[in-house]
Chemist: 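Let me begin by handing over the structure; questions about it come next.
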Amino acid sequence: MNIVWHEKTKQFHLYNDTISYIMYVQPNGEMGQLYFGGKIRDKEDFLYLSYRNFRPMVPGCGFDETFSMELNRQEYPGFGTTDLGTSAYQIECENGNRVSAFKYESHTIYSGKKALDGLPSTYAGEDDAMSLDVTLYDAAADVRMVLTYTIYNTLAVVTRSVRFVNCGKKQVVLNKALSACVDLPDQNYEWMQFSGAWARERKPIVRKIECGVVSIESKRGGSSPNQNPFIIVKRPNTDEFSGEAIGMSFVYSGNFVALADADTYGRLRLLMGIHPETFRWPLQENETFTTPEVIIAYSENGMNNLSQTYHDLYNNYLVRGNWKKRPRPILLNNWEATFMDFDEDKIVKIATKGKEAGVELFVLDDGWFGKRDDDYAGLGDWVENPKKLPNGMKGLAKKINELGLEFGFWIEPEMVNPDSDLYREHPDWAFAVPGIEPALGRHQYVLDFSKDEVVDYIYEMLYKVIDGANIAYIKWDMNRTLTDVFSHGIPGELQGCVYHKYVLGVYKLYTKLISAFPDILFESCSSGGARFDAGMMYYAPQAWCSDNTDGADRVRIQYGTSYGYPLSSIGAHVSAVPNQQTGRTVSIDFRANVACFGTFGYELDLNHLDDQEFERVKEQIKFMKEYREFLQYGKFYRLLSPYESDLAAWMVVSPDEKKALVGVYTMRSMVNSVDGRIRLQGLDESALYCIGEQSYYGDELMKAGLVLNGKNAPSFTKETDYSSCLIHLIKK
Ligand code: DGJ
């Protein structure tokens, strides 16, 4: 890994063993992009990759009409000089000017990576990565801009963020400040996004890139279940196992935009950052603004390889603290077992059965506080409900601990019900625009987390509940989109900052809680998977993937989620049947065979299972205890997509290739079909692998395929709906 500055040609080359990123100072002093892709040998000059020719009807730069920014690729494009494509930022000066021209001033190259103030970001030790800060200056606005890049040693990843500094005496306003731009020299790509809604999150959707703009966004305050802040552009012939793909992931949990602008000269511009429509940030003298980070990854070996890069990066350089690389505890959550109808005895009874099954952690979900018997009341009043928890959280935690289980509980700190003491005392702490009746969502309003006093107050309340009780885990939920966003009592000039400040407030509360209670495992949640993003993962190493716990739907949702996120982060539980969302019944084995490719837990009253099912649960937990580290941190491959046929498959291979586990699922029975074949991945070609009594070489399994018959998969039958099996491979 290295970052080289070629003084003579004014070119930077960031490279490691797999990728190169090359940029330069253009003739007009602004930064241009020359190359991003597979590693190429370093040399002094790559200028031939730029375009220098006169073109009729294209504006040139100053007197040099052979150079136009529009015909070249830009690092961080502004608007209004000679690049007229989609811009990455816009600064409004006091005189109304919005045209900028940031010129190269200086740069610094250093080992490791700096943290971003108040924001989540990937990190790196001195030997893991190198970073570059390029400082540019715009005379019209009197603003400096620092473009920051990090390249990792062993990963095909470049991260980017931008800092603006107002160096002048006059106010400037950032109307737009995206985080990264990748300008590609051709448009022969497809765009892939992960879209959905509540209970059907992250469905992969592929769109053709053609002249014009393709984009996704969230203006819902959170990253949203509708569009995930992660995109891939891939060559049309790229599949899971071969071909070029570029990913962009946003380390942020609020409004965003991601787009591809294919212009009429063959340039493809990718942009990602905070959504400009809900953003306006004034900067006074010496004030700075830092954008969140975008992670750009590259693969020339298909999309599995791209996903594995993100999985490795997040497990090693995003998740922090005591839960980094630790196998996740097997938990039992009472939500689908009781909803809000519980008391201490009922909970202890459910937990006792959990202990008997081998569960390690009991999680008390929504309903333990204030007057919370349904979702009309109580949010904001983070004090134990004495009828349900007569001995408080401490008392319940003690009882659960005495059973031999760890204990954790649910919170939704960003919200308030109109029927709550908090709202009655501080109605101005909820977002509402004077003169407009604010919208309710799940009968609740959103607290104004852009205000420090609100964040601090909620922290104090939560601190009192957690402190002294032995709390091992917290599930942090967020159950509505933001509307009516207006912060009471601040100057009108600052209202455009509120959406972003809200997200900073959420991060601030996470930081305070994590600092006070570093051993707690946080699981993020937002009506299931509505805030499944890399920003959250910095604080909460796992995320509840979806409120849809139906085994069959979960194959699809977890499959889509795996493109951008590691199995160690995917909250997955076995729940009761018929499923509360879909009414569908699939076997307890099917449900567990899906959930074990995630963090694994149960969300039902185990007392209601018959003896045979309960025995299965015990066996599943025993299996998961043995396999979880390998499953959560091994190499994950998608093999057959549930979005493309009724047969789905995925697998995990251990880092030493000695062990592999394949999960196979049929959604609908296949009448009169012959044995299916699945070509496996990631094995040692020359090694012999045992599958039960049979053995096969790695190359056979990867090239000819694993034949799905009764010998290899005895429990699997394609003649019934929702049949599944786990196939174990052990190297001889
Ligand atoms: C939505 C979550 O996704 C569920 O798991 C549960 O915690 C409920 N909220 C509780 O209100």
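Atoms within a ligand are numbered from 1 in the order they appear, just like the ligands themselves. Keep in mind the model is a prediction, meaning the values are calculated, not measured.
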Chemist: I'd like to know if Asp381 and Lys371 make a salt bridge, using a cut-off of under 4.0 Å between side-chain N and carboxylate O.
Modeler: no
Chemist: Could you check whether any side-chain N or O of Gln227 sits under 3.5 Å from a backbone N or O of Ile216, counting only pairs where one atom can act as donor and the other as acceptor?
Modeler: no
Chemist: Measure the CZ-CG distance between Phe630 and Leu567 for me, rounded to the nearest 0.5 Å.
Modeler: 10.0 Å
Chemist: Answer yes or no: is there a side-chain heavy-atom contact under 4.5 Å between Phe517 and Ile466?
Modeler: yes
Chemist: Which protein residues have a heavy atom closer than 4.0 Å to any atom of ligand 1, listed by chain and number?
Modeler: Trp335, Asp365, Asp366, Trp410, Arg442, Lys475, Asp477, Asn479, Cys525, Ser527, Gly528, Trp544, Asp547
Chemist: Kindly give the heavy-atom pair with the smallest separation between Asn255 and Phe250, and that separation in Å.
Modeler: O-CE2, 4.5 Å
Chemist: Mind checking the CZ-SG spacing from Phe623 to Cys596? Nearest 0.5 Å is all I need.
Modeler: 5.0 Å
